[in-house]
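Report on one structure; see the data block that follows.
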Amino acid sequence: LIKNKMYDVRLFNSDVLDVDFVILATALSQKQINEVAFKMLKLVRCKYNLTSLSLCGSKTGWVVLDLNVMIVHIMLDDVQKLYKLEELYK
């Protein structure tokens, strides 16, 4: 994520959800959100041979990737400030 110029990238251990980790990352544009999300899906599918992965919200300023053992939220700064997901996962 950092390699793709994401900022404010945070990793949380998840006691709230049935996953090991939750990642919150902030993007500069919807285009960046979509590009990073699709790259992550492709990488995880190829590297770990996972097929039951999902992507939601490709036009909303917020994308959620369910990568089986981890959930990744990539969102615009104003969406991040509005929903304050970091408070949920602390």
Side-chain angles (χ1 to χ4, degrees):
L1 290 171
I2 294 170
K3 185 178 178 181
N4 287 294
K5 308 243 188 268
M6 304 297 289
Y7 69 97
D8 196 21
V9 177
R10 291 174 279 168
L11 175 70
F12 298 90
N13 290 322
S14 178
D15 297 329
V16 179
L17 301 171
D18 189 27
V19 295
D20 294 334
F21 300 102
V22 175
I23 295 176
L24 302 179
T26 306
L28 299 172
S29 67
Q30 183 67 53
K31 181 179 177 183
Q32 183 184 28
I33 290 172
N34 293 343
E35 286 176 2
V36 171
F38 286 113
K39 282 181 186 178
M40 286 186 73
L41 275 177
K42 185 177 179 182
L43 173 74
V44 171
R45 278 189 178 132
C46 292
K47 189 169 184 171
Y48 300 105
N49 198 26
L50 299 173
T51 56
S52 62
L53 307 174
S54 62
L55 167 86
C56 301
S58 62
K59 296 181 183 177
T60 63
W62 178 6
V63 166
V64 179
L65 295 148
D66 182 350
L67 304 176
N68 294 333
V69 297
M70 143 182 12
I71 300 289
V72 181
H73 297 273
I74 306 171
M75 57 190 79
L76 297 174
D77 190 50
D78 58 336
V79 175
Q80 176 107 358
K81 288 177 182 171
L82 178 66
Y83 290 104
K84 301 177 185 171
L85 289 181
E86 66 278 0
E87 293 178 11
L88 176 66
Y89 298 120
K90 282 186 178 179

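What's counted below: heavy atoms across the whole structure, side chains too, no hydrogens, waters or symmetry copies.
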What's the spacing between [X] [atom1] and [Y] [atom2] if we round to 0.5 Å?
X	Y	atom1	atom2	result
M40	M70	CE	CE	6.5 Å
K81	T26	NZ	OG1	9.0 Å
M75	Y83	CE	OH	9.5 Å
L43	L67	CG	CG	9.5 Å

- prompt: Is there side-chain contact between N34 and I74, with at least one heavy-atom pair below 4.5 Å?
  reply: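 Counting from C-beta outward, N34 and I74 never come under 4.5 Å.
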
*Does the side chain of L11 reach to within under 4.5 Å of the side chain of I23, using non-hydrogen atoms?*
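Counting from C-beta outward, L11 and I23 do come under 4.5 Å.
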
Show the nearest heavy-atom pair for residues [X] and [Y], with the distance to one decimal.
X	Y	answer
L65	A37	CD2-O, 3.8 Å
A25	V9	CB-CG2, 4.0 Å
A27	I33	CB-CG1, 3.4 Å
Q30	W62	OE1-N, 4.3 Å

Check: Checking side-chain contact (heavy atoms from CB on, under 4.5 Å) for the pair D66/I71: CA distance, chi angles, key distance, verdict?
Finding: CA-CA 5 Å; D66 182 350; I71 300 289; 3.8 Å; yes

How about D18: does its CG atom have over 12 heavy atoms from other parts shown lying under 6.0 Å from it?
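Incorrect, the count does not exceed 12.
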
